[in-house]
Asker: 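Just passing along the structure, written as structure tokens.
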Amino acid sequence: MTRGSLRLRLMLAGAVSILVALAAAAFGMVLLFSQHVERRAHAALDLQMEQLLASLDRDPATGLLVVTRPAPDPRFGTPLSGLYWQIEGAGILERSRSLWDSTLTLPPDAARPAIEAHQYQLAGPAGETLVVSERHVTLPARLGGTGIRIAVAQDSADLAAATRDFAYDLLPYLALLALVLMLAAHVQVQVGLSPLGRVRQRLAAIRTDPEASFGKDFPEEVQPIGEAIDQLLEARRQQITRARQRAEDLAHGLKTPLQVLFGDASRLRQQGQAELAEDIRSLAETMSRHVERELAQARLAAGARALSCDAATVAAQVIAVVQRSPDGQRLTFDLGGAAPLLLRIDPADLAEALGILLENASRHAAGRVVITLAGGEADQGSLTIRDDGPGIDPDRIDRLLERGARLDTSAAGTGLGLAILQDIVKAWSGTLVIVNHPEGGLSVTVTLPRAGSAPVTAFPA
């Protein structure tokens with residue numbers, strides 16, 4: 001997945017959303033747990049306070065209030081353990097052994113009803129922060145009927161440690177949950193984007209076959225795009241059809257006037273007006289090149305179709321035609337690698353391309369033309385036409401594909417063949433290579449996709 005991938009964007013957005021949601025959930029759970037721990041701690045302190053109140057009695061010997069039973073939690077007897085109690089009022093001060101030689105400095109407070117306890121925080125004997133639960137109690141008459149303050153305190157670090165331990169225990173489960181949710185998000189993205197894979201396949205089919213349509217078997221979110229594509233395809237087909245018809249009509253309409261111009265030029269030359277005749281002939285040839293070019297473009301402008309043909313069969317048919325031409329009758333044509341080679345190209349286009357190549361080779365060959373078919377790579381096939389002629393200057397090879405370029409200006413022709421050949425090859429996503437063969441002569445290789453390989457691109461506008 002690249003930076004521009006929609007799948008990557010959705011996965012990143014999903015991952016960020018999951019992490020943010022889990023972080024918020026973790027914060028909320030830790031906060032709730034902290035509040036729960038604090039409530040439980042206050043409840044435990046209140047219970048210990050009740051036990052202390054229940055154990056209060058008057059010493060028969062001194063008449064002072066005393067705690068007759070020790071607190072059940074052993075930490076009350078351990079110095080500076082973090083758990084303390086203290087009773088003060090009516091001239092008495094009783095405290096747990098855990099306070100050692102310290103006392104809790106309870107804040108001034110108005111008397112409260114005996115049944116109401118309140119909580120607050122204060123500093124402990126070791127500098128720690130204590131969570132305190134305190135009650136104001138009026139003793140019964142048998143204990144003097146006076147009011148006392150009883151407080152039970154616990155180190156708040158114990159509560160924070162419990163919360164911290166809970167958070168640490170929660171992390172592995174949150175990580176596992178994040179992994180599961182991300183996997184679920186991945187599956188969701190795959191399922192949600194699966195129609196786009198079919199869109200890509202359908203578009204590839206349209207590229208190879210302009211007669212194909214997008215179709216209607218897509219989700220309702222994608223279907224409007226498909227309908228728009230089908231409308232554009234239909235409009236394009238109609239435009240291409242009209243353009244081809246106009247080009248063909250124009251070309252055929254110009255052919256007759258061009259033949260008349262060639263005839264007028266011939267008659268003027270016979271009458272001794274050679275300069276005027278040459279001007280007319282040059283103008284007519286220029287117009288003829290444009291006509292042939294437009295006819296070729298009009299035929300190819302429909303785009304590459306889902307067609308294929310056997311290159312060996314087409315080559316044999318074209319050779320049979322060229323052999324009957326004046327240049328072809330004096331030559332020997334060797335077709336090598338004649339095993340079936342299926343190429344993705346219109347048979348008529350391949351026949352025209354081979355006709356151009358063999359016609360050029362026939363004009364320049366000394367006595368032999370070799371046509372070689374090769375499978376090449378798994379998705380490519382090639383046709384090589386080599387003649388045994390003199391070859392050409394390497395500096396002039398690049399000019400061969402220019403419009404109107406000609407190797408032999410003394411021979412008849414428009415010089416448009418190789419340019420049309422290049423148009424055909426490009427229309428079917430092929431390549432054209434022209435080189436001088438090491439053993440002499442010119443070698444032209446056309447490489448085309450084999451049938452069943454990747455789709456071709458449309459003919460360039």
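The shown structure was predicted, so the numbers you read here are calculated from the model rather than taken from an experiment.
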Asker: Check whether more than 12 heavy atoms from other residues, nucleotides or ligands sit under 6.0 Å from atom CZ of Arg202, and answer yes or no.
Answerer: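 Yes.
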Asker: Is the backbone N or O of Val191 less than 3.5 Å from a side-chain atom of Ser194, with the two atoms forming a donor-acceptor pair by type?
Answerer: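 Yes.
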Asker: Are the side chains of Val435 and Val444 in touch, meaning some heavy atoms are under 4.5 Å apart?
Answerer: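 They are not in side-chain contact.
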Asker: Around His42, counting heavy atoms of other residues, nucleotides and ligands shown, do more than 12 lie under 6.0 Å from its NE2?
Answerer: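 Count over threshold, so yes.
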Asker: Are the side chains of Leu10 and Leu193 in touch, meaning some heavy atoms are under 4.5 Å apart?
Answerer: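 Answer yes - side chains close enough.
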Asker: Using every non-hydrogen atom in the two residues, find where Pro219 and Arg198 come nearest and quote the distance to one decimal.
Answerer: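 Closest heavy-atom pair between Pro219 and Arg198: CD-NH2, 4.0 Å.
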Asker: Enter the distance from Leu177:CG to Met182:CE here, rounded to the nearest 0.5 Å.
Answerer: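 If we round to the nearest 0.5 Å, Leu177:CG and Met182:CE are 10.0 Å apart.
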Asker: Quick one, Asn436 with Leu442, criterion side-chain contact (heavy atoms from CB on, under 4.5 Å). Give me CA distance, side-chain angles, the key distance, then yes/no.
Answerer: CA-CA 5 Å; Asn436 283 316; Leu442 195 66; 3.5 Å; yes
Asker: Give the C-alpha distance, both sets of side-chain angles, the deciding distance and a yes or no for side-chain contact (heavy atoms from CB on, under 4.5 Å) between Val318 and Glu359.
Answerer: CA-CA 10 Å; Val318 175; Glu359 181 182 354; over 6 Å; no
Asker: Under 3.5 Å, is there a donor-acceptor pair between the side chain of Tyr120 and the main chain of His118?
Answerer: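 Here the side-chain-to-backbone pair does not exist.
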Asker: Okay, side chain of Thr313, backbone of Cys309: is any donor-acceptor separation there less than 3.5 Å?
Answerer: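 No; zero donor-acceptor contacts below 3.5 Å.
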Asker: If we only count heavy atoms from C-beta on, is the Leu383 to Leu343 side-chain gap below 4.5 Å?
Answerer: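 Leu383 vs Leu343: side chains touch.
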Asker: For a side-chain hydrogen bond (donor to acceptor under 3.5 Å, both in side chains) check, start with the C-alpha distance between Thr129 and Ser156, then their side-chain angles and the critical distance, and finish with the verdict.
Answerer: CA-CA 6 Å; Thr129 300; Ser156 62; 4.6 Å; no
Asker: Restricting to non-hydrogen atoms, name the atom on Gly430 and the atom on Leu448 that form the minimum distance, rounded to 0.1 Å.
Answerer: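 Where Gly430 meets Leu448 most closely, the heavy atoms are CA-CD2, 3.9 Å.
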Asker: Taking the basic N atoms (NZ, or NE/NH1/NH2) and the acidic carboxylate oxygens, is any pair closer than 4.0 Å for Glu439 and Arg386?
Answerer: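 Answer for the salt bridge query: yes.
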Asker: So, taking the atom named CZ in Arg149 and the one named CD1 in Ile87, what distance separates them when rounded to the nearest 0.5 Å?
Answerer: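 Rounded to the nearest 0.5 Å, the CZ-CD1 separation comes to 13.0 Å.
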Asker: Given side-chain hydrogen bond (donor to acceptor under 3.5 Å, both in side chains), test Gln231 with Glu227 step by step and report yes or no.
Answerer: CA-CA 6 Å; Gln231 293 173 1; Glu227 294 175 355; 5.6 Å; no
Asker: Once rounded to the nearest 0.5 Å, what's the spacing between atom CE of Met49 and atom CZ of Arg135?
Answerer: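 One gets 6.5 Å once the value is rounded to the nearest 0.5 Å.
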Asker: Tell me whether Ser96 contacts the main-chain N or O of Trp85 through its side chain, where contact means a donor paired with an acceptor under 3.5 Å.
Answerer: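 Flag set: sc Ser96 to bb Trp85 pair under 3.5 Å.
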Asker: Rounded to the nearest 0.5 Å, what separation is found between the CH2 atom of Trp100 and the CZ atom of Arg95?
Answerer: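 Reported to 0.5 Å precision, the distance equals 10.5 Å.
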Asker: Dump the intermediate steps for side-chain contact (heavy atoms from CB on, under 4.5 Å) on Val370 and Leu335, then the final yes or no.
Answerer: CA-CA 6 Å; Val370 178; Leu335 179 59; over 6 Å; no
Asker: Are Arg450 and Arg344 close enough that some pair of their side-chain heavy atoms sits under 4.5 Å apart?
Answerer: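 Arg450 does not reach Arg344 side chain to side chain.
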Asker: Leu139 vs Ile148, test: side-chain contact (heavy atoms from CB on, under 4.5 Å). Steps then yes/no.
Answerer: CA-CA 7 Å; Leu139 297 175; Ile148 61 171; 3.8 Å; yes
Asker: Minimum heavy-atom separation for Ala178 to Leu22, with atom names?
Answerer: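 Smallest heavy-atom distance, with atoms named: CB-CD1, 3.3 Å.
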Asker: For the pair Thr68 (side chain) and Ser55 (backbone), establish whether a donor and an acceptor sit closer than 3.5 Å, ignoring hydrogens and angles.
Answerer: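 Yes; judged by distance alone, with no hydrogens or angles, the pair exists.
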Asker: State the CD1-CG distance between Ile385 and Leu357, to the nearest 0.5 angstrom.
Answerer: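 If we round to the nearest 0.5 Å, Ile385:CD1 and Leu357:CG are 4.5 Å apart.
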Asker: Just wondering, more than 12 heavy atoms not from Gln190 lying within 6.0 Å of its CD?
Answerer: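 Enclosed: over 12 neighbouring heavy atoms sit under 6.0 Å from CD of Gln190.
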Asker: Rounded to the nearest 0.5 Å, what separation is found between the OG1 atom of Thr431 and the CD atom of Gln422?
Answerer: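 Spacing of OG1 (Thr431) from CD (Gln422) equals 11.0 Å.
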Asker: Do the side chains of Lys426 and Leu432 get nearer than 4.5 Å, heavy atoms only?
Answerer: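 When only atoms from C-beta onward are counted, Lys426 and Leu432 do not touch, as no gap falls below 4.5 Å.
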Asker: What are the two closest non-hydrogen atoms of Ser133 and Gln119, and how far apart are they?
Answerer: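 Nearest heavy atoms, Ser133 then Gln119: OG-NE2, 3.5 Å.
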Asker: Does a side-chain heavy-atom distance below 4.5 Å link Leu106 with Glu88?
Answerer: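 Contact flag for Leu106/Glu88 side chains = yes.
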Asker: At their closest point, which heavy atom of Pro125 faces which heavy atom of Leu99, and how far apart are they?
Answerer: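 That closest heavy-atom pairing would be CG-CD2, 4.0 Å.
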Asker: So, do Leu56 and Leu52 sit near enough that their side-chain heavy atoms are less than 4.5 Å apart?
Answerer: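 Leu56 does not reach Leu52 side chain to side chain.
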Asker: Do Leu358 and Val369 have side chains that approach each other closer than 4.5 Å (heavy atoms only, starting at C-beta)?
Answerer: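 Counting from C-beta outward, Leu358 and Val369 do come under 4.5 Å.
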Asker: Can you tell me if Arg40 has over 12 outside heavy atoms packed within less than 6.0 Å of its CZ?
Answerer: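 Counting neighbours around CZ of Arg40, 12 or fewer heavy atoms of other residues, nucleotides or ligands fall under 6.0 Å, so no.
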Asker: Just checking, is any N or O donor in the side chain of Thr384 or Thr445 under 3.5 Å from an acceptor N or O on the other one?
Answerer: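 Note: Thr384 and Thr445 side chains meet the donor-acceptor criterion.
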Asker: Look only at the side chain of Ser34 and the backbone of Val30, and say whether a donor-acceptor pair between them is shorter than 3.5 Å.
Answerer: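 No, because the side chain of Ser34 does not come within donor-acceptor range (under 3.5 Å) of the backbone of Val30.
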Asker: For Arg75, is there any backbone N or O sitting under 3.5 Å from a side-chain donor or acceptor partner on Ser81?
Answerer: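 Side chain of Ser81 to backbone of Arg75: a pair is present.
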Asker: Would the distance check show the side chain of Asp387 and the main-chain N or O of Gly441 forming a donor-acceptor pair, the cut-off being under 3.5 Å?
Answerer: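 Not confirmed, Asp387 side chain does not pair with Gly441 backbone.
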Asker: Taking all atoms of both residues into account, what is the closest heavy-atom pair of Leu159 and Ala41, and its distance?
Answerer: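 Distance-wise, the nearest heavy atoms are CD2-CB, 3.5 Å.
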